[in-house]
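For reference, the structure is listed below as structure tokens.
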Amino acid sequence: MLDQRFVRNNPDVVKQAAANKNERVDVDGFLDLDARRRELLQASESLKQRRNTVSDEIARMKRDGEDASARIEEMREVSARIKGIDTDLAGLQDSLQSVLERLPNIPHPSVPVGADESANVEVRRWGSTPEVEFERKAHWDLGEDLDIIDFQRAGKISGSHFVLFKGEGARLQRAMIQFMLDLHIQKHGYTEVIPPYIVNRQSMFGTGQLPKMEEDMYRTDLDDLFLIPTAEVPVTNMHRDEILSEDDLPIYYTAYSPCFRREAGSYGRETRGLIRVHQFDKVEMVKFVRPETSYDELETLVNDAEEVLQLLNIPYRVVSLSTGDLSFAAAKCYDLEAWAPGIDRWLEVSSCSNFEDFQARRSGIRYRNKDGKSQFVHTLNGSGMGMARTLIAVLEHYQTGRGSIRVPEVLIPYMGGLKEIG
RNA sequence: GGUGGGGUGUCUGAGUGGCCGAAAGAGACGGUCUUGAAAACCGUUGUACCUUUGCGGGUACCGUGGGUUCGAAUCCCACCCCCACCGCCA
């Protein structure tokens, strides 16, 4: 959420930011409501001041045994007027709030301006795919041939775009999760958490999924709870409505969780196999930091994510998302795209974002600085990595001419010494 | 699901209709003392919003939302959350 006063004083900045993010917002309507609100507020507050003064007077008169009935009668009227104004005011506040919570975050000046992903800028590239003398298979064929991924039965159990991993496929996935968590905990200094995977409405609002993305999430109607689309939600909300001490910062958390996404209306493009599924596993990293450090923290966050791919020896590129591709809450975002040689394309396997104080303001995450003043922290998060797609890259990259999959060096200990699948 | 207890500021915790934005303690910050530190003592210390060029002025906030009242942290209603016990399920 943006600061209301900031919107009032910088309407053009907000409009431009929204336009660059392809969001339709009614900033002028907001300014209108905002002006009317202040007018009513002043009226209400000066009446309340009068009421408070006279109420004190009434109290005094009663103590002194004087007759206060005339004043009481007068205040009865004043209170009625206040009530009327406050009702209107509450309506205005609601409208104002709903505009405000739909205003997207302002992109950082370093973010390339552009309509969509075609304006994204490649920042760097790492690794290479060795030439092979055989035709590489796509992961869906590898998965079926080796009997480690079962799309058919997943469809029967749950529906299309669900997956079932089996045998060494399941173990490989678990090994990757374990490896990533250990890396972030031991080498990068993150604290592991296992959060709830089902969260309430307020948590979804805090990180910015609501109100915009309600259609994209699974909800339990009876309790009005949501299945998390990413561990970012529960982990960021750990410190909702808290005031942290400056000494606590920065805070780094990493969490494994399954992620649930309805992906309403997003099919049609190539989404076969594991590319876009309703449930996948992910290791997430979340940071709470002092504002002045957040862009440096973003860089190290990306580096932490990159190291996963480097250790897996998967070629990838780092892309700075353009304004049009940037999510609602993000001020800046780098995607990590791994190369999948079987399907011959780059796959987004990680997204690392700085939200600045956008999420913190929505969810009341502050810290007390050295001067004793409380202010909003900056929050960041990044995947390290998203499992299904990273698995695609591993399968397609490590396949052999014999149809088997070599186990990446770093995963062998996590696979009980197994060096090859199939 | 039932019964009982409870949600107050950064924290602990008092307060049951007006003099309560709220005692007390802790913490934090500043000072005195000290070679330095600790202790002791003194002082300061909530947030948001409106208004003002500034000094300042004002309003609201005691889980959330309503209600009663001239006036609510305090009384009434509903809801949410936490704790304990019981029931049910694993």
Side-chain angles (χ1 to χ4, degrees), chain A residues 1-10 30-101 195-206 210 219-226 234 237-249 251 288 290 357-358 360-377:
Chain A
M1 201 157 58
L2 298 175
D3 179 36
Q4 186 158 339
R5 219 166 346 189
F6 178 85
V7 179
R8 182 186 307 149
N9 296 331
N10 304 276
F30 172 90
L31 293 178
D32 233 48
L33 291 172
D34 182 61
R36 279 180 54 211
R37 168 183 162 268
R38 278 179 293 157
E39 210 174 287
L40 284 187
L41 191 61
Q42 283 171 49
S44 168
E45 288 189 351
S46 64
L47 283 176
K48 282 174 181 168
Q49 180 184 5
R50 167 106 183 111
R51 182 176 70 184
N52 287 342
T53 312
V54 175
S55 283
D56 283 347
E57 212 176 299
I58 290 170
R60 204 214 68 239
M61 289 170 89
K62 289 207 160 182
R63 265 198 306 276
D64 297 348
E66 296 172 31
D67 176 25
S69 53
R71 309 249 91 169
I72 290 176
E73 194 51 43
E74 183 196 346
M75 283 309 103
R76 208 190 298 275
E77 224 169 281
V78 169
S79 277
R81 281 174 61 200
I82 291 173
K83 198 173 208 172
I85 295 173
D86 279 356
T87 303
D88 294 346
L89 203 49
L92 271 179
Q93 302 266 38
D94 280 354
S95 325
L96 215 46
Q97 184 65 19
S98 84
V99 177
L100 197 59
E101 64 194 32
Y197 301 148
I198 303 180
V199 302
N200 57 30
R201 196 166 268 281
Q202 213 183 334
S203 294
M204 281 297 184
F205 177 81
L210 288 179
R219 188 180 72 235
T220 69
D221 272 335
L222 239 41
D223 301 302
D224 199 34
L225 296 172
F226 297 83
N237 275 279
M238 282 170 68
H239 296 298
R240 166 150 52 86
D241 296 323
E242 290 185 14
I243 299 179
L244 304 162
S245 146
E246 178 160 0
D247 298 335
D248 295 338
L249 301 178
I251 296 173
F288 301 83
R290 295 189 352 258
D357 64 4
F358 191 83
R361 181 173 287 107
R362 275 170 104 86
S363 39
I365 309 171
R366 292 173 292 174
Y367 76 102
R368 197 170 294 290
N369 65 22
K370 290 279 186 264
D371 303 329
K373 284 281 169 211
S374 67
Q375 65 183 106
F376 292 113
V377 302

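This structure is a prediction, so every number in the text was calculated from the model and none was measured. Labels below follow one simple rule: chain letters A, B, ... track the order of the sequence lines, proteins then strands, and each chain is numbered from 1.
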Sugar-phosphate atoms are those with a prime plus P, OP1 and OP2; base atoms are the rest. Using that split, label each nucleotide of nucleotides 58-71 of chain B B, S or - for protein heavy atoms under 4.0 Å, 5' to 3'. BBS------SS-BS

d(CD, Gln93(A); P, A48(B)) in whole Å: 16 Å

Would you mind telling me which residue lines up with the more 5' stretch of RNA chain B, Arg5(A) or Asp56(A), judged by nearest nucleotide? Asp56(A)

Atom C1', compared across C20(B) and G31(B): separation rounded to whole Å: 30 Å

Which is true for Arg8(A) with a 4.0 Å heavy-atom rule: it touches a base, it touches only sugar-phosphate, or it touches nothing? sugar-phosphate

Would you call Arg36(A)-Asp32(A) a salt bridge at under 4.0 Å N-O? no

Distance between C1' atoms of A73(B) and A22(B) (Å, rounded): 8 Å

I'd like the P distance from A24(B) over to C82(B), given in whole Å. 33 Å

Between G43(B) and G36(B), how far apart are the P atoms? Round to whole Å, please. 24 Å

Rounded to whole Å, please give me the gap between CG in Asn9(A) and P in C49(B). 12 Å

Could I get the full list of salt bridge (Lys or Arg N to Asp or Glu O under 4.0 Å) partners for Arg60(A), not counting sequence neighbours? Asp64(A), Glu66(A)

Set of salt bridge (Lys or Arg N to Asp or Glu O under 4.0 Å) partners for Arg361(A), sequence neighbours left out: Asp357(A)

Rounding to the closest angstrom, what is the interatomic distance between C11(B) and G18(B) at atom P? 26 Å

How would you list all residue pairs meeting salt bridge (charged side-chain N to carboxylate O under 4.0 Å, His left out) that involve residues 77-89 of chain A, not counting sequence neighbours? Lys48(A)-Asp86(A)

Measuring only the C1' atom in each nucleotide, how far is C49(B) from U44(B)? A whole number of Å is fine. 25 Å

I need the CG-P distance between Leu89(A) and C50(B), as an integer number of Å. 12 Å

Return the stems involving RNA chain B, sorted by first number, where pairs are Watson-Crick (N1-N3 with N6-O4 or O6-N4) or G-U wobble (N1-O2 and O6-N3), both under 3.5 Å, and runs are 3 or more long. B:1-7 with B:80-86, B:10-12 with B:24-26, B:27-32 with B:40-45, B:46-51 with B:56-61, B:63-67 with B:75-79

Between the protein and nucleotides 9-13 of chain B, are there any N/O to N/O pairs under 3.5 Å, and if so, what are the atom names and distances?
residue	atom	partner	partner atom	Å
U10(B)	O4'	Arg368(A)	NH2	3.4

What distance, rounded to whole Å, do you find between the two P atoms, one in C42(B) and one in U35(B)? 22 Å

Given atom CG of Asp86(A) and atom P of C49(B), what is their separation to the nearest angstrom? 18 Å

Is there a side-chain polar atom (N or O) of Gln42(A) under 4.0 Å from OP1 or OP2 of C50(B)? no

Who pairs with Arg37(A) by side-chain hydrogen bond (donor to acceptor under 3.5 Å, both in side chains), at least two apart in sequence or on another chain? Gln93(A)

Under the salt bridge (Lys or Arg N to Asp or Glu O under 4.0 Å) test, which residues partner Glu57(A), sequence neighbours left out? Arg71(A)

Mind checking the P distance from U47(B) to U10(B)? Whole angstroms is fine. 8 Å

To the nearest Å, give me how far apart CD (Gln375(A)) and P (A48(B)) are. 11 Å

How long is the line joining CZ of Arg361(A) and P of A48(B), in whole Å? 11 Å

Minimum side-chain heavy-atom gap Leu31(A)-Leu33(A) below 4.5 Å: no

Please list, chain by chain and in numerical order, all residues satisfying salt bridge (Lys or Arg N to Asp or Glu O under 4.0 Å) with Arg201(A), sequence neighbours excluded. Glu214(A), Asp224(A)

List in chain and number order the residues that pass side-chain hydrogen bond (donor to acceptor under 3.5 Å, both in side chains) with Asp247(A), two or more places apart in sequence or in another chain; answer none if no residue qualifies. Lys370(A)

How many whole angstroms separate atom CZ of Arg38(A) from atom P of C49(B)? 12 Å

Please enumerate all residues that pass ring pair (Phe, Tyr, Trp, His ring centres under 6.0 Å) together with Phe358(A), with sequence neighbours excluded. Phe328(A)

Indicate whether the side chain of Ser55(A) and that of Asn52(A) have a donor and an acceptor atom separated by less than 3.5 Å. no

Base, sugar-phosphate alone, or nothing: which one does Arg60(A) contact when heavy atoms must sit under 4.0 Å apart? nothing

Rounded to whole Å, CG of Leu40(A) lies from P of C49(B) at a distance of 18 Å

Sequence neighbours left out, what passes side-chain hydrogen bond (donor to acceptor under 3.5 Å, both in side chains) with Ser363(A)? Give chain and number order. none

Does the side chain of Asp248(A) reach to within under 4.5 Å of the side chain of His239(A), using non-hydrogen atoms? no

